[in-house]
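Quick notes on the structure that follows.
Numbered from 1 within each chain, the chains take letters A, B, ... in sequence-line order.
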Number of protein chains: 2
Amino acid sequence: MAGIKDVAAHAGVSVATVSRVLNDSPRVTAETREKVRDAMRALRYRPNGVARSLRTEATRTLGLIIGDILNPFFAAMARAVEDEARAAGYTVVIGNADERPEQQDHYVRTLLEQRVDGLLICPTAETTPLVEDCVRSGSPLVFLDRTLPGLDVPAVRADGTEAIHDLVRHIHRLGHRRVAFISGPELLSTGRERTRAFLDAMRECDLDIRDEYLETGDFQAASGRAIAARFLDLPHPPEVIFTGDNLMALGALDEIRARGLRIPDDVALASFDDVAWFVHLDPPITAITQPAEELGRHAVRVLLERVERRPVESVVLPARLVIRRSCGETEST
Amino acid sequence: MAGIKDVAAHAGVSVATVSRVLNDSPRVTAETREKVRDAMRALRYRPNGVARSLRTEATRTLGLIIGDILNPFFAAMARAVEDEARAAGYTVVIGNADERPEQQDHYVRTLLEQRVDGLLICPTAETTPLVEDCVRSGSPLVFLDRTLPGLDVPAVRADGTEAIHDLVRHIHRLGHRRVAFISGPELLSTGRERTRAFLDAMRECDLDIRDEYLETGDFQAASGRAIAARFLDLPHPPEVIFTGDNLMALGALDEIRARGLRIPDDVALASFDDVAWFVHLDPPITAITQPAEELGRHAVRVLLERVERRPVESVVLPARLVIRRSCGETEST
DNA sequence: TTGTACGCGTTATCAC
DNA sequence: GTGATAACGCGTACAA
């Protein structure tokens with residue numbers, strides 16, 4: 001493939017001049033610029049980004065490590081990250097960690113070696129030594145969606161506390177008293193936050209928090225289904241099942257359907273995390289929606305600030321309750 | 001950041017030896033190997049992938065250009081591509097072309113400059129000069145999901161012809177006669193193929209193909225909704241609406257729901273392209289499923305063969321009809 | 001088995 | 001305004 005010196009030879013100038021044309025330097029006559037451009041076209045020249053990166057110490061590439069691109073919430077974030085990055089002239093490498101610390105580390109290592117200019121991580125449960133290294137070595141790093149305790153890393157995330165309070169009040173107002181919660185892992189900041197908010201909100205509404213109505217899942221569909229089954233097998237099953245994320249809602253839904261139960265008459269359902277198709281269900285599912293796209297965009301902006309070595313602040317965006325029909329809502333909201 | 005020569009100095013050996021350790025060369029004593037490894041750990045050395053790539057002319061990176069990661073079908077393919085690539089020691093850069101030729105070209109150009117080792121493209125309608133260049137210059141290229149006519153590029157895709165015949169026969173057997181089709185763009189190979197298969201299948205079943213029952217959408221939800229509305233406004237509305245992809249099915253579903261119509265009593269619905277949540281709908285949607293994961297995995301394998309300059313064949317996998325309840329199916333299938 | 005020296009394609013710093 | 005040339009960090013032929 002043609003290199004810069006082939007172009008230089010073909011245009012009868014030096015490689016320095018070609019480089020200047022490439023980088024839109026003003027110190028080049030319009031005439032020679034054209035000559036060089038012609039040579040580039042003639043030789044089908046494509047600048048070698050690898051060589052450029054070696055020289056400039058910048059790859060104009062960002063890394064994004066998420067749990068799973070198949071989860072619509074992550075997909076929406078990833079999409080927004082990509083759009084915002086492209087607008088700023090960056091490309092993004094996506095790594096699916098599958099919530100496994102060792103796979104997350106694999107990507108951290110790989111992306112660090114590829115010398116990405118910055119790293120966006122939705123951290124899994126554990127703080128690994130590699131991530132700590134990353135922080136210490138000062139490579140631009142921003143947490144997305146979740147945080148890791150004890151690490152001084154800016155985070156861009158949604159806060160569901162208010163929305164969960166709204167939801168519990170909403171459920172209470174609808175006359176429900178026995179509400180169960182399928183929580184996420186204690187090890188995840190999002191899991192902790194939602195459980196805490198749920199408990200606080202229940203207390204605020206003077207609602208009983210029964211032990212048997214509180215179980216911990218792993219944010220995957222199967223656990224949602226299994227826990228929903230246990231709830232429904234209880235002598236006094238709950239009137240409402242609230243799930244900590246959309247996948248566990250899916251699992252709960254499957255179990256409810258499999259038993260031939262009707263929503264909301266037999267059991268009501270609400271989910272933290274909204275997904276596009278909840279609205280097409282019958283009845284549409286009442287859910288808490290997170291601003292996934294905004295999170296993604298903010299994350300890129302914050303990360304690029306860090307890349308420029310400017311000081312940054314964490315960003316917390318509110319989640320929001322979307323009332324639909326799965327909790328026994330009537331026409332008048 | 002520590003480089004190879006810092007490691008060499010720290011270990012008291014030459015850079016060549018360090019390099020040999022890095023690349024697991026057997027011509028190094030276990031003893032010196034350990035010395036070098038220790039030095040690496042001590043200095044928190046991370047090999048510089050950029051420099052290595054410049055030297056070896058390989059980045060161990062693959063490019064994947066798809067329409068939209070938010071489309072569950074693309075997401076599933078992307079996920080599989082990533083998994084397969086990682087297993088082979090590659091990372092993948094994803095570009096969302098949004099079905100826009102100029103954005104597709106943007107990514108082709110960018111990824112070519114980044115010197116990805118191979119490129120996977122789900123081509124949008126038009127053959128751009130850049131893509132032609134790509135083919136001529138012989139850079140490893142594989143089409144995924146769709147093909148472009150007149151270009152000698154291996155493709156990995158699903159063939160829906162048989163499944164569409166199965167579906168039309170199924171619909172016919174159920175007693176429906178007036179069936180409408182919301183097709184995809186003629187410019188897309190998938191759009192053409194599905195329309196042709198639908199028409200063939202209709203003829204095979206001796207079913208009338210009315211002009212007003214055949215309209216072309218753009219594979220996006222909005223067009224599905226608009227066309228469904230026109231179908232339903234007809235003096236003789238169809239008994240079945242069959243959509244060319246999952247997004248247009250979503251649009252049609254919205255329109256049907258908005259009118260308070262019931263599936264399948266008022267109008268039956270079937271979709272090319274299955275998505276996970278179709279099964280959670282009431283009734284679950286009868287659909288044609290494509291082996292998205294297999295397509296992704298095969299694509300990577302074929303592409304890596306091309307990277308190694310081995311001859312390859314295109315891959316065509318069959319799509320498959322999944323009968324559920326949205327066409328008026330009874331318990332006995 | 002180990003070390004020396006060159007080159008990969010660019011950008012940047014000097015001269016002119 | 002343009003040209004010569006030294007880096008950037010690594011892999012490898014060749015010499016020792």
Take the protein atom [atom1] of [X] and the nucleotide atom [atom2] of [N], then report the distance between them rounded to whole Å.
{"X": "K5(A)", "N": "dG3(D)", "atom1": "NZ", "atom2": "P", "answer": "16 Å"}
{"X": "R52(B)", "N": "dG9(C)", "atom1": "CZ", "atom2": "P", "answer": "18 Å"}
{"X": "K35(B)", "N": "dT2(C)", "atom1": "NZ", "atom2": "C1'", "answer": "10 Å"}
{"X": "Y45(A)", "N": "dG9(C)", "atom1": "OH", "atom2": "C1'", "answer": "7 Å"}
{"X": "R115(B)", "N": "dG9(C)", "atom1": "CZ", "atom2": "P", "answer": "9 Å"}
{"X": "Q114(B)", "N": "dG9(C)", "atom1": "CD", "atom2": "P", "answer": "17 Å"}
{"X": "E57(A)", "N": "dA12(C)", "atom1": "CD", "atom2": "P", "answer": "11 Å"}
{"X": "I4(B)", "N": "dG11(D)", "atom1": "CD1", "atom2": "C1'", "answer": "8 Å"}

How is [X] classified with respect to the nucleic acid when contacts are heavy atoms under 4.0 Å: base, sugar-phosphate, or nothing?
{"X": "S53(B)", "answer": "nothing"}
{"X": "T17(B)", "answer": "sugar-phosphate"}
{"X": "V50(B)", "answer": "nothing"}
{"X": "V18(B)", "answer": "nothing"}
{"X": "R55(B)", "answer": "base"}

Margin query: Checking side-chain polar atoms at under 3.5 Å, does T91(A) have a donor or acceptor matched by the opposite partner on Q114(B)?
Written below: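 A pair is found: one side chain offers a donor N or O, the other an acceptor, under 3.5 Å apart.
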Check: Got a sec? Which of residues 21-31 of chain A come in under 4.0 Å of DNA chain C, heavy atoms?
Finding: L22(A), N23(A)
Notebook entry, point to check: Among dG9(D), dG11(D), dG3(C), which nucleotide sits nearest the side chain of T56(B)?
Noted result: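 Output: dG11(D).
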Next item on the list: Give a yes or no on whether a salt bridge exists between D105(A) and R109(A), defined as a side-chain N under 4.0 angstrom from a carboxylate O.
Entry: no
Notebook entry, point to check: Are the charged groups of R146(A) and E99(A) less than 4.0 angstrom apart, N to O?
Noted result: yes
Margin query: Please compare S19(B) and L54(A) by the position of their nearest nucleotide in DNA chain D and report the one closer to 5'.
Written below: L54(A)
Margin query: With side chain to side chain donor-acceptor pair (under 3.5 Å) as the test, pick out the partner of Q104(B) among N96(B), D98(B), T124(B).
Written below: T124(B)
Notebook entry, point to check: Does any N or O donor sit under 3.5 Å from an N or O acceptor when you compare the side chain of R20(B) with the base of dG3(C)?
Noted result: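 Pair found.
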Check: With a 3.5 Å cut-off and just heavy-atom distances, do the side chain of R33(A) and the base of dG1(D) make a donor-acceptor pair?
Finding: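 In this structure, the two groups form no donor-acceptor pair.
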Note to self: Pair L295(A), F73(A) - check side-chain contact (heavy atoms from CB on, under 4.5 Å), show working.
What the structure shows: CA-CA 11 Å; L295(A) 289 175; F73(A) 170 68; 4.2 Å; yes
Check: Relative to the 5' end of DNA chain C, which residue comes earlier, G3(A) or V15(B), by the nucleotide with the nearest heavy atom?
Finding: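 Of the two residues, V15(B) wins.
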Notebook entry, point to check: Is it the case that more than 12 heavy atoms not belonging to R27(A) sit under 6.0 Å from its CZ atom?
Noted result: no
Check: Between R60(B) (side chain) and A88(B) (backbone), is there a donor-acceptor pair under 3.5 Å?
Finding: yes
Next item on the list: Taking T59(A) for its side chain and S53(A) for its backbone only, find out whether a donor-acceptor pair lies under 3.5 Å.
Entry: no
Next item on the list: Ignoring backbone atoms, establish whether T32(A) has a side-chain N or O less than 4.0 Å from OP1 or OP2 of dT2(D).
Entry: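 Looking at the OP1 and OP2 atoms of dT2(D), one of them is under 4.0 Å from a side-chain N or O of T32(A).
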